[in-house]
Amino acid sequence: MSTRTEKTGETGTASAELALDLYRQVTRIRALELLLHRYVKEHGFGGFWHPGLGQEAVQAGAVSALRREDYLFYAHRGLGYALVKGMAPEVLLGDLFGRTGGSVGGKGGGTVHFVDPELGVLGQGGTLGSNFVLGAGAATSVQLLGEDRVVAVFFGDGAASRGTFHEAALQASVWKLPVVWICENNGWHLSAPFSAQSPTEDVADRAAGYGMPGVVVDGQDSVAVRAATLAAVERARAGEGPSLVEAKTLRIRGHYEGDPQRYRDDIADGLEVPRDPLRILRERVPAAAADDLDAAAESEAEAALEAALEMPKADPGIVTEGVWT
Amino acid sequence: MSTRTEKTGETGTASAELALDLYRQVTRIRALELLLHRYVKEHGFGGFWHPGLGQEAVQAGAVSALRREDYLFYAHRGLGYALVKGMAPEVLLGDLFGRTGGSVGGKGGGTVHFVDPELGVLGQGGTLGSNFVLGAGAATSVQLLGEDRVVAVFFGDGAASRGTFHEAALQASVWKLPVVWICENNGWHLSAPFSAQSPTEDVADRAAGYGMPGVVVDGQDSVAVRAATLAAVERARAGEGPSLVEAKTLRIRGHYEGDPQRYRDDIADGLEVPRDPLRILRERVPAAAADDLDAAAESEAEAALEAALEMPKADPGIVTEGVWT
Amino acid sequence: MSAIAEVPEGVETEQLGYGRAINAALAEEMRRDERVWMMGQDVAKMGGVFGVTRGLLDEFGPSRVRDTTINETFIVGGAAGAALTGTIPVVELQFADFGLVAGDEIFHKLAKWRYMHGGKLSLPVVVRLPTGVVGGAGAEHSQSLEAIAMHVPGLKVALPATPADAKGLLKTAIRDPNPVLFFEHKGMYRTKGPVPSGDDYLVPFGEAATRRRGDALTVVATGLMVPRALAAAERLAADGIELEVIDPRTLVPLDMETIVASVERTGRALVVHEAVRTAGAGAEIAARIQEAAFFSLDAPIWRLGALDTPIPQDPDLEQLVIPSGEQIEAAARELVAL
Amino acid sequence: MSAIAEVPEGVETEQLGYGRAINAALAEEMRRDERVWMMGQDVAKMGGVFGVTRGLLDEFGPSRVRDTTINETFIVGGAAGAALTGTIPVVELQFADFGLVAGDEIFHKLAKWRYMHGGKLSLPVVVRLPTGVVGGAGAEHSQSLEAIAMHVPGLKVALPATPADAKGLLKTAIRDPNPVLFFEHKGMYRTKGPVPSGDDYLVPFGEAATRRRGDALTVVATGLMVPRALAAAERLAADGIELEVIDPRTLVPLDMETIVASVERTGRALVVHEAVRTAGAGAEIAARIQEAAFFSLDAPIWRLGALDTPIPQDPDLEQLVIPSGEQIEAAARELVAL
Ligand SMILES: Cc1ncc(C[n+]2csc(CCOP(=O)(O)OP(=O)(O)O)c2C)c(N)n1
Ligand SMILES: Cc1ncc(C[n+]2csc(CCOP(=O)(O)OP(=O)(O)O)c2C)c(N)n1
Ligand SMILES: [Mg+2]
Ligand SMILES: [Mg+2]
């Protein structure tokens, strides 16, 4: 079994078309992030919103390497995963606000859960690390059924410490399951810096122990993330087993919106994104096209928010539905 | 943090005195193993006996690298760990047979539990892998109290797959805890060959991912096991953190005594130990001395069995004792 | 007033051990539906630590009968993931106790994932959990933990007490779209009894079996306590005291109707299980009986269960912790006289 | 017949929030005994996700107040190992639910290790478990799981319902040589009340607090249900119906004496908890009440608890799942009239 640890900082090449497509996704996520930031600040909302501001390139780059039929287990930070996989933004916001028009029919809200089996969006475990075993299990189904699908599992640098990673990663390698482990390393497990809670510099350093490739990419560069993920996806699709892709990114905001972050002094409480993925992409796309995409993304986000807020709140009757079939 | 993966097959040098001491321990364990084998075969006994025949060199070599005040979390295979740490054989057998003279007062029996806080023998978790977190926790106490102790945690190649290894190993490395992880790799997780359930050749290949040294030694060579363990123990004692020592050994008998081993065709159902640790040691000790030690070990074992069988069975009253203090 | 046949009359049966009955259910369901598959430690070549899955590897091959490494969180959580994506995993934990090693996966993933995702997903998983004391397996390998599963909504819970039910309930479990915890008593694997031979013998969930009719006292018993209660009932019958013995068979769903109807006739109830008495399933059953039949009760409802202690490893001592037939008999005698 | 002061008369108190009371207990015990230390996720620099441990890092330093990574099995299992070797760990899981992520460590290691090793070892560990609904935390972050702990022998289980008890019970827990699961209600962290200021104010385990005296009905309530029951009692008192409200404070050990004595006077009992009703602690309490006081009962014992469903994530919906003050009031009214 091949084992390598590659640390690439380069951007890789990308066709103009690809760059434009990635720009579109990154700016769509960004527009939603900024809008939600404002909305939550002004109106509050019941629940916990974990902003993904600044991490758009990881979500856009990695998910764009998947096909429609591939499965996705997403993490708790932002809505980008599902947005890029094809879910409508008003549905995602409907879930966030606990509205009937959300994909889980009003049962979401707070730390948002959304789902779309048709698009392969399969959910999220509220207990960090439960995605690992679920993802490996889904990949076992794929293998059993002889399907041409790959399973992508997103997780943070913090969740990487869970024992479920070990159990799932070992078994997935032994069975050569079609899984891609995608680590969004934003440098923080809530208030604990990754650097203080990892004995190695990179999460990817742990891949070799599981006999799988581990790659580190610049998580602000969506083209690089996409390329690394695509390589891992192709390997999985070819029946060669799992890989780990670690994207180095930044958590711009608090763990949840409202987190005073007294534990942190590396960043101001602003909206500025250092090494902004949009700026990095702008070098590859025509300015006018980018401007248009920005504008479209903003309208999309605004329309989605409006639509979501118009959706009725869930009917109380649903609380007892869906426990058993 | 230094990281190395060393695979040594060499025996290392050993003083005559050391070799003699190791011979004494290996033959003591062996004598108990053979006696128990006969006893269980002839008389049966309630419970499960997991024979350690053939793995004596790992237990003797590794435990002899510890000091009296060092802590030991042992595994389920055999009695060698505790015997070498200083517990009396009749006490261990008393535990195995559920007698009042056992260290746990008759509450053991079957998959044996024994304990001796004075000698640092702290117990065993019946759920594989629970030792990892317990051991790291004990090492945290040692660090907090500023004591000069090391914690040794034994585990099999199978138990190495448990997620608790990941959680404990990461934290132990980050906190530089004085732990030594000692893997008895006998090639089997019950009916599953290690080779079919590990993506890497060695368990020690996983050490680098935790920023700790991982060493593979010949588990039939007690001198080599002792040397490797000693290096790890010294590193731990010096405050440099945990290490992993993997000793390659063989499971000669069934998983438990009586296991028909229909899943296995690599070995006959005998008592022959390939690469017998005693034979390997005999090259370094005078034959006469070895013969004397063999004889002493046999008498010790026989006397212990006799003593244990004379101990009264536990009083039924104890079943409700010791739940809470 | 006497024992009732384990299998309805007219059904063709063969004598089979409880473990073999489970094996037959697995084989039949795997033949019936290609999506059904298995994983667990040592379930393939070895056929399971208790020999229950023997022969299935040969018939169904290594893709559908998989040995895992020692990773309970994957065995259960992987089953959840597989169930979400079109297959029907039947997984074995070597001991029911290990359910607590995969506590998150059982109680958060299997039990809640469907609900959390708006009912859009389903998790047809069966987790086979060898339960109870078996002679020297010790505190972490002998527990009866079904009450915990009963307390966490989203799971179904089956506890077969006869070979026929072992087969019939397992087949129902595999066809159920919900996650099912299947507590097989490992002390009963070799118990023989009549087992319906047809492929289509299903035992429905939520229907208690009245194992014996009587008028003096309703005994509600599960698992290993069913034969113990029946034996006690025979001894009492010699003295003219006729016990009604009801085996709920599934705790979720729970057939309180049968139990309550019986207590309304007998006026007295004794609930017996091997699990720890404190906060066990018997507490729930007792609480519900008095809620529903308070004014029919002539005496308090009594419960027998394990003492408030872990199971000692010694095979002689372990039996002192769980209810014996003699204790059931004595309690019944005393309660009837109250 | 009315509410009883939360703190015995004559004791000097200050007004403190429930969370600050816990903080004070931690600080006092760490000052008193050098062996006491803490670990958990974000407990050091951040002072805990709920701010409960704020300031302790500054006073006690990074060796005794440790941030772990995300590793619940280590947090609990490591605490067990540390307790075996001479220190007294007080660990925090961010949500009580995560106890199931460390199920093996809590229910097999903490609960059984002493017993399994012949009583020669002891495990003075406190696991702090923020419990209950808090407004939108969802199915895996809002559960009340104390009944599970009650069912597994070897643990002690505390559930403070007032700031004074939060402090007094935690101090007792830290001084107890047994493992204690300490369920702090995260919806009550900001609830203020009188808290004894002395270092030596301990609330003993196994002594229920009668929060209000009455003769119409005994209400046994825990955690968040205590203030809800007291509020309901005030409303009923306006109609001349006087409830007796008893808060057991610890479920293990459980003070049945106080409860039974009360029911013997009132003839009626209602047990209320936030945990799922099915197989909850209320089932055990109800079963024991009727065992001990059957012939004093004028009506069945009723129970209120959460519905048989996970907690929905939506903050409005979650309140529909657990008992409200109005439901307690209505049930009490109906039961008294029965
Ligand atoms: C098992 C478990 N432990 C702890 C938590 C609480 N928690 C939620 S998010 C978080 C930090 C996660 O860090 P990381 O995985 O790096 O993701 P990030 O928040 O940085 O995106 C923690 C500790 C949880 N949800 N589940
Ligand atoms: C958590 C857990 N899973 C499964 C088991 C059952 N079990 C006991 S020993 C064993 C095999 C262990 O293999 P290994 O760790 O290599 O030790 P060996 O028996 O080879 O010495 C298994 C699966 C257990 N005790 N605990
Ligand atoms: Mg992070
Ligand atoms: Mg092995």
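Chain A is the first sequence line, chain B the second, and so forth, proteins listed ahead of strands; every chain is numbered from 1. Reckoned from all heavy atoms, side chains included, excluding hydrogens, waters and symmetry mates.
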Atom CD of residue position D:Glu34 - does it have more than 12 heavy atoms of other residues, nucleotides or ligands inside 6.0 Å?
no
Is the count of non-hydrogen atoms from other residues, nucleotides or ligands lying under 6.0 Å from D:Arg35 atom CZ greater than 12?
no
Nearest atoms (heavy-atom pairs only) where D:Arg114 meets B:Val323:
CD-O, 4.1 Å
Quick check for you: among D:Gly119, D:Gly118, D:Gly154, which has the greatest number of heavy-atom pairs under 4.5 Å with chain B?
D:Gly154
So which of B:Asn131, B:Val319, B:Ile318 has the largest heavy-atom pair count under 4.5 angstrom toward chain D?
B:Val319
Look up atom NE2 in B:His113 and atom OH in D:Tyr115, then write down how far apart they are to the nearest 0.5 Å.
12.0 Å
Check whether any side-chain heavy atom of B:Leu144 sits under 4.5 Å from a side-chain heavy atom of D:Arg66, and report yes or no.
yes
Does atom CD of D:Glu257 have more than 12 heavy-atom neighbours from other groups under 6.0 Å away?
no
Has the side chain of B:Gln171 got a donor or acceptor atom that lies under 3.5 Å from a matching backbone atom of D:Thr69?
yes
Could you tell me which of D:Ile70, D:Asp67, D:Asp176, D:Ile75 has the largest number of non-hydrogen atom pairs under 4.5 Å with chain B?
D:Asp67
Would you say that D:Thr85 contacts B:Leu122 through its side chain, given a criterion of any heavy-atom pair below 4.5 Å between the two side chains?
yes
Check whether any side-chain heavy atom of D:Thr73 sits under 4.5 Å from a side-chain heavy atom of B:Phe132, and report yes or no.
no
Determine whether D:Glu105 and B:Thr164 make a side-chain contact, defined as any pair of heavy atoms from C-beta on separated by less than 4.5 Å.
yes
Please state whether the side chain, the backbone, both or neither of D:Val76 comes within less than 4.5 Å of a heavy atom of chain B.
neither
Heavy-atom pairs under 4.5 Å with chain B - which of D:Pro89, D:Ser63, D:Pro179, D:Ala79 has more of them than the others?
D:Ser63
Interface check, chain D: of B:Gly125, B:Ala168, B:Pro117, most non-hydrogen pairs under 4.5 Å belong to B:Gly125
Any chance you could lay out the side chain to side chain contact (heavy atoms under 4.5 Å, CB included) test for B:Val115 and D:Leu121, step after step, and finish with the verdict?
CA-CA 8 Å; B:Val115 71; D:Leu121 302 170; 3.7 Å; yes
Side chain from CB out, backbone as N, CA, C, O: work out which of these in D:Lys112 comes under 4.5 Å of a heavy atom of chain B, or both, or neither.
neither
Minimum heavy-atom separation for B:Ser141 and D:Ala82, please, with both atom names.
OG-O, 2.8 Å
Bottom line for D:Lys109: the part with an atom under 4.5 Å from chain B's heavy atoms is side chain
Decide if the gap between the ring center of B:Trp175 and the ring center of D:Phe74 is smaller than 6.0 angstrom.
yes
Is the shortest side-chain heavy-atom distance between D:Pro153 and B:Trp324 below 4.5 Å?
yes
Measuring heavy-atom distances to chain B, does D:His108 have an atom under 4.5 Å in its side chain, in its backbone, in both, or in neither?
side chain
So, for D:His117 and B:Gln124, which heavy atoms are closest and what is the spacing to 0.1 Å?
NE2-N, 3.4 Å
Are the side chain of D:Lys120 and the backbone of B:Ser103 linked by a donor-acceptor contact shorter than 3.5 Å?
yes
Shorter than 4.5 Å, heavy atoms on both sides: which option in D:Leu123, D:Thr87, D:Asn178, D:Leu84 has the most such pairs with chain B?
D:Asn178
